[in-house]
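Have a look at the structure below before the remarks.
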2 protein chains.
Amino acid sequence: MPRVGQAEGQALLERFRRYLRDQHQPVTRQRDVVAGIVLQADDHLSVGAIQRRLKERGHRIGLATIYRVLEILVASGLVKAHDFGEGFRRFEPVTGQGRHEHLVCTRCGRVLEFANEQLERVLPIIADEHRFQLQRHRVEIYGVCQACQQL
Amino acid sequence: MPRVGQAEGQALLERFRRYLRDQHQPVTRQRDVVAGIVLQADDHLSVGAIQRRLKERGHRIGLATIYRVLEILVASGLVKAHDFGEGFRRFEPVTGQGRHEHLVCTRCGRVLEFANEQLERVLPIIADEHRFQLQRHRVEIYGVCQACQQL
DNA sequence: TTGCCTGCAAAGTATTTGCATAACA
DNA sequence: TGTTATGCAAATACTTTGCAGGCAA
């Protein structure tokens, strides 16, 4: 079950092309291909994973270009960058499903998502109690996923 | 108001020396000095900050040694390492005050702590709902601290 | 056509490792 | 005194940047 449906991925890609045109930036083949992979991913991709998929599909795109496209994608708001403390970042398409947090498997690296109303409610209160102007938060649960427990 | 009182810092340092002796590892001057700085810190120190304090106090200790002492401190359980997504880690002495999470100021880098019972209660439930064997979690609130808001 | 994007390689940052020397027990 | 920690420098991993040439508009 993909995070982003085929159709939603296509729609996001279309929005990215539009974003580039609006910004008077060219829609290059590299940008289209990299964005296509990230925006249609059913997972939280690392740069390494993106590079691998590019190779599999026969595309020869430089590493620097991947990073530069990701920068644009994040700036466009269509992609979010995450740092799960692995020493590298991962990238996730921003779908309509709204705010969610992450469960990260420390064995296989798989990332699951969850939403919890209670959590989202309490964090602004805590920030307020400490006179913090909340900008964003990060909630991650690390553990062993069901599949890895059975090995 | 320091996180770790002078007395508590001293006690932690004493425990570190005992830990080394128990492990049949030498208590060298470098280990003692670096541990002293980290264990008595009133803040979440980066390696850069540790290095700076060492220089201020006239100690010439190699960078590699700092990292190696930190590795021992973390292994001993007296220090916790944190990754606040800044591209480097920070280190915090483990005091008796128990579990807490962090508020990180995105302007000045200051780190405040907070504890919230509701939060600690809900996270294991969420892990369970997703058949995740919980190992640890991370809750961070990023925003602008009170001092920085007034600038 | 023309300016910006791309690819390559080099640089940059945080951290780790190898090795000769020095210091602790 | 023998073992092992230290200091320096080189290596590593991820990411960013500079520059010559290629491509989108």
Side-chain angles (χ1 to χ4, degrees), chain A residues 13 16-38 44-55 57-76 79-91 109, chain B residues 16-38 44-55 57-76 79-92 109:
Chain A
L13 184 52
F16 179 58
R17 294 181 182 130
R18 198 178 323 133
Y19 172 84
L20 288 175
R21 283 190 293 263
D22 289 351
Q23 302 282 315
H24 305 291
Q25 288 202 40
V27 180
T28 63
R29 185 182 51 80
Q30 289 89 337
R31 290 177 175 183
D32 211 67
V33 173
V34 173
I37 286 181
V38 177
H44 297 66
L45 299 184
S46 63
V47 169
I50 294 168
Q51 209 174 17
R52 215 171 306 119
R53 295 201 186 184
L54 285 169
K55 251 181 215 139
R57 301 182 190 182
H59 292 107
R60 281 174 44 82
I61 294 182
L63 190 57
T65 300
I66 298 175
Y67 278 103
R68 285 187 281 231
V69 177
L70 286 168
E71 191 180 340
I72 300 173
L73 281 166
V74 171
S76 77
V79 164
K80 256 192 175 169
H82 291 289
D83 176 2
F84 294 133
E86 301 163 300
F88 53 85
R89 285 174 298 165
R90 298 210 199 198
F91 299 86
Chain B
F16 180 58
R17 293 182 182 133
R18 198 178 323 132
Y19 173 84
L20 288 176
R21 283 191 292 263
D22 289 352
Q23 302 283 313
H24 304 294
Q25 287 203 42
V27 181
T28 62
R29 185 182 51 82
Q30 287 89 336
R31 289 178 175 182
D32 210 67
V33 172
V34 173
I37 286 180
V38 177
H44 297 66
L45 299 184
S46 63
V47 169
I50 295 168
Q51 210 173 18
R52 216 169 309 120
R53 297 201 186 185
L54 284 170
K55 249 179 217 138
R57 301 183 192 183
H59 292 106
R60 282 174 46 81
I61 294 182
L63 190 57
T65 300
I66 299 174
Y67 277 104
R68 285 187 280 233
V69 176
L70 286 168
E71 193 179 340
I72 300 173
L73 281 166
V74 170
S76 77
V79 164
K80 257 194 173 164
H82 291 289
D83 177 1
F84 293 133
E86 303 162 298
F88 53 84
R89 285 175 297 166
R90 297 209 200 197
F91 299 85
E92 154 190 59

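Throughout, protein chains are lettered first and strands after them, A, B, ... in sequence-line order, and every chain is numbered starting at 1. Computation of the quantities below employed the complete heavy-atom set of this structure, encompassing side-chain atoms and omitting hydrogens, waters and symmetry-equivalent molecules.
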Margin query: Run the salt bridge (Lys or Arg N to Asp or Glu O under 4.0 Å) test against A:R52 and tell me which residues pass, sequence neighbours left out.
Written below: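 Salt bridge (Lys or Arg N to Asp or Glu O under 4.0 Å) check on A:R52 returns nothing, list empty.
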
Next item on the list: Work out how much the helix from C:dT1-D:dA25 to C:dA25-D:dT1 bends between its end axes, five pairs an end, to the nearest 10 degrees.
Entry: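 The helix from C:dT1-D:dA25 to C:dA25-D:dT1 shows an end-to-end axis angle of 30°.
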
Is there a side-chain contact between [X] and [Y] (heavy atoms, below 4.5 Å)?
| X | Y | result |
| --- | --- | --- |
| B:V47 | B:F88 | no |
| A:Q51 | A:L63 | yes |
| B:V69 | B:I66 | no |
| B:V34 | B:H59 | no |
| A:F16 | A:D32 | no |

Next item on the list: List in numerical order all residues of residues 59-68 of chain A for which some heavy atom is under 4.0 Å away from an atom belonging to DNA chain C.
Entry: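 Those residues whose heavy atoms fall under 4.0 Å from DNA chain C, taken from residues 59-68 of chain A in numerical order, are A:R60, A:I61, A:G62, A:A64, A:T65, A:R68.
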
Notebook entry, point to check: Going by heavy atoms closer than 4.0 Å, what residues in residues 18-31 of chain A are next to DNA chain C?
Noted result: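 Those residues whose heavy atoms fall under 4.0 Å from DNA chain C, taken from residues 18-31 of chain A in numerical order, are A:Q25, A:P26, A:T28, A:Q30, A:R31.
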
Next item on the list: Work out which heavy atom in A:G36 is nearest to a heavy atom in A:L13; give both atom names and the distance.
Entry: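 Taking A:G36 first and A:L13 second, the nearest heavy atoms are N-CD1, 3.8 Å.
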
Next item on the list: Can you see which heavy atom on A:V38 is nearest to which on A:L45, and at what distance?
Entry: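 Distance-wise, the nearest heavy atoms are CA-CD1, 4.4 Å.
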
Please set out all donor-acceptor pairs under 3.5 angstrom arising from side-chain atoms of residues 19-30 of chain B, sequence neighbours excluded.
from  : atom 1 : to    : atom 2 : distance (Å)
B:Q25 : OE1    : B:R31 : NH1    : 3.1
B:Q25 : OE1    : B:R31 : NH2    : 3.4
B:T28 : OG1    : B:R31 : N      : 3.2

Check: What pairs meet the salt bridge (Lys or Arg N to Asp or Glu O under 4.0 Å) rule with one or both residues in residues 60-73 of chain B, with sequence neighbours excluded?
Finding: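 Sorted pair list comes back empty.
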
Next item on the list: If a pair satisfies side-chain hydrogen bond (donor to acceptor under 3.5 Å, both in side chains) and one of its residues is in residues 82-91 of chain A, list it, with sequence neighbours excluded.
Entry: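 Only A:H82-A:E92, A:E86-A:R90 qualify under side-chain hydrogen bond (donor to acceptor under 3.5 Å, both in side chains).
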
Margin query: Could you tell me the boundaries of the chain A footprint on DNA chain D, defined by atoms under 4.0 Å from its heavy atoms?
Written below: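 Contact boundaries, 5' end first: D:dC14 to D:dA25.
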
Checklist line | Spacing of A:L54 atom CG and A:I61 atom CD1 [to the nearest 0.5 Å] | finding: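 One finds 5.0 Å between CG of A:L54 and CD1 of A:I61.
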
Notebook entry, point to check: Reading DNA chain C 5' to 3', which nucleotide is the first, and which the last, to come under 4.0 Å of any heavy atom in chain A?
Noted result: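 In short, chain A contacts DNA chain C from C:dC5 to C:dC8.
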
Next item on the list: Any chance you could lay out the side chain to side chain contact (heavy atoms under 4.5 Å, CB included) test for B:R57 and B:I37, step after step, and finish with the verdict?
Entry: CA-CA 10 Å; B:R57 301 183 192 183; B:I37 286 180; 3.6 Å; yes

